Amino acid sequence: MNHFEYRRNLLHAEDIPVSRIAKEVGTPVYVYAEATLRRHYEVFSKAFASHYTAGRASICYAMKANSNQAVIATFARLGAGADVVSEGELRRALAAGIPGERIVFSGVGKTRREMAAALDAGIAQFNIESLPELEQLNEVALAMGRRARISLRVNPDVDARTHAKIATGKKENKFGIAWSHSLDAYRRAAAMEGVEPVSVDLHIGSQLTDLEPFRLAFTKIGGLIETLRDEGIDIRHVDLGGGLGIPYAGEEPPHPDDYARMIQQTLGHLGCDITLEPGRLLVGNAGILLTTVIYVKEGEDKDFVIVDAAMNDLIRPTLYEAHHEIVPLWRAEDTAPRRPVDIVGPVCETGDYLAVNRPMPKLSAGDILAVCSAGAYGAVLSSTYNSRPLVPEVMVRGGHYAVIRPRQSIEDLIAMDVLPPWLKSG
Ligand SMILES: *Cc1c(COP(=O)(O)O)cnc(C)c1O
C-alpha cells in the first residue's frame, strides 16, 4: 500500500497534487511519501513483534536503498537501526541520529580505516565476508585495544530466483564465506583475541517474491548454528539480511506477517535474537520520479516518448531490466486507446530507457509522467552522466512538502573539477 493515488483524476502524493511539486521544483524530481515510509516500517516491525516470539527482533534499515538524510532520520525516529556498507553510510546513519549500537556493517571490502571508524562508533556487529577480512579486523581491533563483535556472512548456495544481478546467495556470487568453509572460519574466529563471534549472517538476494529460497537458506543456517553450539561456539543471534520483494508490476510478494511466521517456524527452536535488514521493502513504493515529456517522435515501427529523466536519474530499467509502472498525472480514461511506445531519456546511450514497448495513452510534449515504485535504488544510483545535474528529492508529509535534496546547479557540477596549474592562465 502507498500514498500515491488519483483524487478527482489528478495524481496526489498524500494530500498534495504532485503537479504542484513538478511546477514548483521542476522535473525530473523524486517525490517520497512520509506516510508510506512510516507505514511500511510499522507493518514490518509489527509482523515480527506478533509472529517472532523466540527472541528480540531488531530492524536495521539497509540504507543503500535510499540514503537521503531525511529518509534515514524518519526511520531513526521510529526506532530503526541501520545496515551500512561503507564509512560514508556509517557517518550518514550517525548524523541522522541512529546510535552506534543499532548499526551493523556489511560488505565484502571493508578497509582498515572503515573498520576503525566503526569500532570508534561502537557498532553492534561487523558482518565479515572472508578470512582475510576477519584477520584484518582482528588486527585493527587489537591495535585499538578493542574486541569486535562479529558475525560471519555465510553463502548458503541457494537460488534466490531473482534477477541475476541481485542474487547474492549462490556460490558463484562474490558474497559471503563459502558454505563448506564456514565451520572452519568460525573456529578461526573463536580463537582470535580481537573478535568475538556472536552471530551468523546471510543475505541471499533482493526482490525475492517467494518464501521458499528464504526457508531453504534459513534452515541451513539453523543447522550451522546447532553445529557451532555443539562445538562450544555459543551463537545466540542471527542476522537474516534483507531481500523481501515489493510489487512493481502486479507481483504478489509474501506479506511480512508470513515472512515472520516462516522465520519463527524455521529458526524459532533456537531461541535467537534476530536482525533484519530490509531496504527495498521499506522505501521502494514510497517514492515516484516525475518527468516531463520533451518530444514525441514517430518511428517507422513505434513511437518514442522522449522525457527529461534518463538512465542517470533512474538506472534500474537499464541495469536490471526492471519494470516501473509509468502513469500520467491526469488519469487517462480506462477506455482511452493505448499504444506501445518506448519511453526514453535524452542521454546518448541506446540503453537509456525507462520503458520499452509500454502501452500508453496518447502523450504530448509538456505532459508529466510519474515513474512509480522508484523510492529504492533510484536517487542513490543517480549520476551526472552527460553533465546532467543530480536530480532533486522531495518529501511529502500530509499537505506539506520539503525539498530534501535541492537540484544540483550546473555551476556546482563544473566547480567539482579543478584545472591543473598549467591550464589556469592564458
Ligand atoms: C542490499 C542489502 C540489503 C537490502 O536488500 P533489499 O532487497 O533492499 O531488502 C540487506 N542486507 C545486505 C547485506 C545487503 O547487501
Side-chain angles (χ1 to χ4, degrees), residues 37 40-41 43-45 47-48 57-68 71-72 75 80-86 88-90 93 102-110 114 118 123-130 133 150-156 160-170 173-177 199-211 213-214 217-218 221 238-248 251 253-254 256 259-260 263 274-287 316 319-320 322 373-381:
L37 296 175
H40 286 175
Y41 185 84
V43 166
F44 195 80
S45 61
F48 281 88
S58 313
I59 299 172
C60 289
Y61 167 53
M63 276 172 53
K64 73 177 193 285
N66 185 326
S67 55
N68 187 292
V71 172
I72 310 166
F75 291 131
D83 170 39
V84 305
V85 294
S86 68
E89 285 196 352
L90 171 68
R102 287 208 204 119
I103 296 176
V104 298
F105 197 161
S106 301
V108 296
K110 301 175 200 77
E114 289 180 317
I123 66 162
Q125 151 191 329
F126 290 84
N127 291 335
I128 297 296
E129 302 214 19
S130 66
E133 189 193 7
I150 64 148
S151 170
L152 296 185
R153 174 168 175 184
V154 295
N155 183 321
R161 298 186 218 155
T162 184
H163 189 276
K165 285 200 176 125
I166 47 176
T168 57
K170 285 285 282 175
N173 306 135
K174 71 176 176 182
F175 298 100
I177 290 173
S199 175
V200 178
D201 169 52
L202 81 167
H203 170 73
I204 60 171
S206 197
Q207 185 53 15
L208 275 74
T209 51
D210 182 357
L211 286 183
F214 285 122
F218 296 170
I221 291 296
V238 53
D239 181 333
L240 298 171
L244 196 56
I246 62 168
Y248 282 99
E251 300 96 328
Y259 178 66
I263 293 171
I274 59 175
T275 294
L276 302 146
E277 302 169 350
R280 186 191 309 273
L281 176 95
L282 297 181
V283 294
N285 282 319
R316 297 193 67 259
L319 192 57
Y320 310 120
S373 309
Y377 307 106
V380 281
L381 275 160

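Computed over heavy atoms, backbone and side chain alike; hydrogens, waters and symmetry mates excluded. Just follow the structure's listing: the first ligand is 1, and inside any ligand the first atom is 1. The chain is numbered in sequence order, starting from 1. Note that this is a predicted model, so its numbers are computed, not measured.
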Worksheet item: For Asp83 and Ser106, does a side-chain donor sit closer than 3.5 Å to a side-chain acceptor?
Response: yes
Item to complete: Report yes or no: is the cationic atom of Lys110 (NZ for Lys, CZ for Arg) under 6.0 Å from the centre of the six-membered ring of Phe126, at an angle within 45° of the ring normal?
Response: no
Worksheet item: Is His203 close to Phe175 at the side-chain level, that is, under 4.5 Å between some pair of heavy atoms?
Response: no
Practice prompt. Report yes or no: do Asn127 and Gln125 form a side-chain donor-acceptor pair below 3.5 Å?
Written response: yes
Could you give the N/O to N/O pairs under 3.5 Å linking ligand 1 and the protein, each with its distance?
| unit_1 | atom_1 | unit_2 | atom_2 | d |
| --- | --- | --- | --- | --- |
| ligand 1 | 7 (O) | Ser206 | OG | 2.3 |
| ligand 1 | 7 (O) | Gly243 | N | 3.4 |
| ligand 1 | 8 (O) | Arg280 | N | 2.7 |
| ligand 1 | 8 (O) | Tyr377 | OH | 2.6 |
| ligand 1 | 9 (O) | Gly243 | N | 2.9 |
| ligand 1 | 9 (O) | Gly279 | N | 2.9 |
| ligand 1 | 11 (N) | Asp83 | OD2 | 3.2 |
| ligand 1 | 11 (N) | Glu277 | OE1 | 2.5 |
| ligand 1 | 15 (O) | Lys64 | NZ | 2.8 |

Fill in: Polar contact flag, side-chain donor to acceptor under 3.5 angstrom, Asn173-Thr168
no
Item to complete: Could you list the residues that satisfy side chain to side chain contact (heavy atoms under 4.5 Å, CB included) with Asn155, not counting sequence neighbours?
Response: Asp157
